[in-house]
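What you see is a predicted model, and the numbers here were worked out from it, not measured in a lab. What you see below is based on every heavy atom in this structure, not just the backbone, and it leaves out hydrogens, waters and symmetry mates. Residue numbers begin at 1 in each chain, while the letters A, B, ... track the order of the sequences.
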There are 2 protein chains.
Amino acid sequence: MDNAFDLNAVVVFVRIVESGSLSAAARSMKMPKTTVSKRLASLEESLGVALIARTTRKLSVTEAGRAYFAHCQESLRLLEQARAEVTAARSHPSGHLKITAPVDIAHTLLPRVIHAFVGRHPGVRVEVLVANRLVDLVGEGVDLAIRAGPMRDSGMVGRKLIELTANVYASHAYLRRCKAPLQPKDLSSVEFIGYGGANGPFHMVKGRSSVKVDVNPTLVVDDFETIKELVVLGTGAGWLPDFVAKTAGASIVPAVRGWRAKSVGQVHFLYAKQRHPSANVKAFIDVAMEVVPLFLKGELAMPGGDERNLG
Amino acid sequence: MDNAFDLNAVVVFVRIVESGSLSAAARSMKMPKTTVSKRLASLEESLGVALIARTTRKLSVTEAGRAYFAHCQESLRLLEQARAEVTAARSHPSGHLKITAPVDIAHTLLPRVIHAFVGRHPGVRVEVLVANRLVDLVGEGVDLAIRAGPMRDSGMVGRKLIELTANVYASHAYLRRCKAPLQPKDLSSVEFIGYGGANGPFHMVKGRSSVKVDVNPTLVVDDFETIKELVVLGTGAGWLPDFVAKTAGASIVPAVRGWRAKSVGQVHFLYAKQRHPSANVKAFIDVAMEVVPLFLKGELAMPGGDERNLG
DNA sequence: ATGCATTGTCCATGGGTGTGCACAGTGAAA
DNA sequence: TTTCACTGTGCACACCCATGGACAATGCAT
């Protein structure tokens, strides 16, 4: 950085011309006169041109100085305007927001949140990237990710959205075919639809009670939404995250009344660890923290299918 | 100068975006990576906005960063262009040049110099301020003054143009009326036209000889050109600077053949003492140093009156 | 997998720079 | 004239900041 010339000196120069004197400029910028003097001198030095002819009392801007001043003033005005725009956008959400989420969440929680978000912040263009793979946030320019399970991305910070609660669900018709009411141990003998390969025994809780449940999956699917559809059709009982089951409305219910499956983790947000998080990100998280619990409690109106075009 | 934000950081930011990485930017600006990193961090701090999301390997410009970058890049381009224009104008004369000179010189030497100057540097607009008063150079935005006699302006530098030589001139007709050839002592008995109030005895020289001449002015005028006209008309003999007499062409000649008046000082330029004198000023002085001696030696063509409109 | 090169950041240190003071020069007021 | 307020600048010093080395993290090549 040997002889890169000091842009701040340009600011000083412009202020001098605007103020009409070094001292006035110094006052308006709240810096000592001597600094102003030296900055101007160094600018003239690095330009190799006299900008301001000065006696102790009078000032007059050189021909070169006048030309330079006109350009600089305009340029600095643009720069200041840019700064103002940015700091304005800092507080109130606007522009672009890119989100990624795994398919399960993208089909369930996410549409509700987005629906509320775009309603509240119409100026923001939202882009959603639905993928189960681990998206490289900074590499793909993603502002915010929603992930399930433990997070181990370095340089990122997380924030818990919800506890990942789940249960074994079944349709009313299916339950009528069984000898209700079922108990946890009965689940090992019903038609059970398992998830993916990582479907071992799980725990069910009721108050302080906790029992381990072994199941014999007659069917294994690696997609919760497909499982949900099967459960709705009465194919069998299936372990489902509550937020997935919820999208089926009242057509399916917990198979074992009064019990629920033990939580297996959290759903959380993940975004770049920065001193100054994006206003868009913060706003989106705020909306999500407000909307999702309502949705899970069933207090959220469930519109028909207008969010399907976002998937 | 508490929290005035660092414009140089903006330059660094722009270079980072252009280069695609902090390290690349550091290399291209020849400053250590650590400085680049800190500059960027401080810019984000003072803006209160994250501009660049960065992992150790990948970079991605924030929404806010993109908007800011576009404006800044344009603005800095303008600034750089301004700098280029100014430093270009440094070497080759252009723009505006304001000169002041006393009337005597403005009517004699100056037109010839200006004529040559505008012919050589057509891009420069020349403005001439003819006045015998002491013009405040910086106060009135004058780039260059021509003065006769000692200079005692502080903060200014001078450069000698010519030795202020003079002589006693008379017309051919007048000399015929006298009993030529005249000797220096004869001057006390001719009709002598004196200058202003400061017209005491003067010295005349011939080789190593020097004699003091006392005159009895029958007529005193405080304007050399008027004196010259009177001499041309044959009213008497008059002490005239050579450069004034020269404008009368061959119609007047030294009254005492072989002798001349002793020099009484210099004509010099006066301009602001600055590290970086204006290219215009330098060019003008160069032209003057070249043209004036030619004129005084009579080798310069004397056009009719086309320089009159410059007075 | 495992080096290897490269990236961005943290940290102690020295050089550069902004600061306060003093001073010459100037204009307005008395 | 003399005084006075104020201008812009030279100078010595303290302090901040750029510096370079070290380090964790990461992608590429083998």
Side-chain angles (χ1 to χ4, degrees), chain A residues 1-9 11-13 15-17 19-46 50-61 134 136-140 152-156 272-275, chain B residues 1-9 11-13 15-17 19-46 50-61 134 136-140 152-156 272-275:
Chain A
M1 94 151 272
D2 329 84
N3 44 0
F5 88 60
D6 192 356
L7 271 202
N8 300 321
V11 181
V12 170
F13 164 64
R15 289 296 280 267
I16 292 174
V17 176
S19 306
S21 94
L22 299 206
S23 293
R27 263 172 316 206
S28 89
M29 305 178 81
K30 288 173 183 157
M31 50 171 79
K33 314 180 283 184
T34 139
T35 302
V36 174
S37 175
K38 268 174 51 174
R39 278 270 176 76
L40 176 59
S42 102
L43 177 62
E44 290 180 324
E45 182 58 34
S46 70
L51 296 174
I52 293 184
R54 42 200 189 279
T55 329
T56 51
R57 206 63 178 191
K58 293 273 183 59
L59 262 210
S60 98
V61 187
L134 234 59
D136 176 7
L137 296 199
V138 2
E140 305 200 28
R152 57 189 59 173
D153 234 311
S154 76
M156 298 286 148
K273 176 184 68 182
Q274 284 163 154
R275 267 74 85 201
Chain B
M1 93 154 268
D2 331 82
N3 45 359
F5 90 58
D6 192 356
L7 271 201
N8 299 322
V11 181
V12 170
F13 164 65
R15 290 297 279 269
I16 291 174
V17 176
S19 307
S21 94
L22 298 205
S23 293
R27 266 180 314 236
S28 87
M29 307 178 80
K30 287 172 182 154
M31 51 170 77
K33 315 180 282 184
T34 136
T35 302
V36 174
S37 176
K38 269 173 54 174
R39 278 270 176 75
L40 176 58
S42 102
L43 177 61
E44 290 181 324
E45 182 59 34
S46 70
L51 296 173
I52 293 184
R54 41 199 189 279
T55 330
T56 48
R57 208 64 178 191
K58 293 272 184 61
L59 262 214
S60 100
V61 187
L134 235 60
D136 175 8
L137 296 199
V138 2
E140 305 200 28
R152 57 189 60 172
D153 233 310
S154 76
M156 298 286 149
K273 176 186 68 183
Q274 284 163 154
R275 270 74 87 198

On a heavy-atom basis, the closest approach of A24(A) and S21(A) is N-OG, 2.9 Å
For a quick test of reading the model, state the closest non-hydrogen atom pair linking S23(B) to K33(B) and the distance between them. OG-CD, 3.5 Å
What is the distance, rounded to the nearest whole Å, between atom CG of L59(B) and atom P of dT9(C)? 9 Å
Grab the CG-P distance between L22(B) and dA24(D) for me, whole Å please. 20 Å
Look at the side chain of R54(B) and decide which nucleotide, out of dT9(C), dG18(C), dT9(D), has an atom nearest to it. dT9(C)
Nucleotide dC17(D), atom P - distance to CG of D6(B) in whole Å: 9 Å
For K33(B) and D136(A), take the nucleotide of DNA chain D holding the closest heavy atom to each; which residue's nucleotide lies nearer the 5' end? K33(B)
Quick one: N8(B) CG to dA18(D) C1', roughly how many Å, whole number? 13 Å
L40(A) atom CG is separated from dG18(C) atom P, nearest whole Å, by 13 Å
So which nucleotide from dT9(C), dC11(D), dT19(D) ends up closest to the side chain of T34(A)? dC11(D)
Nearest-Å distance, CD1 (I16(B)) to C1' (dT7(C))? 13 Å
For A25(B), is there any backbone N or O sitting under 3.5 Å from a side-chain donor or acceptor partner on S28(B)? yes
Nearest-angstrom distance from the residue atom CZ of R39(B) to P of dG8(C): 17 Å
Between dT7(C) atom P and I52(B) atom CD1, what is the distance in whole Å? 15 Å
Once you apply a heavy-atom cut-off of 4.0 Å, does S23(B) come out as touching a base, just sugar-phosphate, or nothing? sugar-phosphate
Could you check whether any side-chain heavy atom of R15(A) comes within less than 4.5 Å of a side-chain heavy atom of V36(A), counting everything from C-beta outward? no
Of G20(B) and K38(B), the one whose nearest nucleotide on DNA chain C sits closer to the 5' end is G20(B)
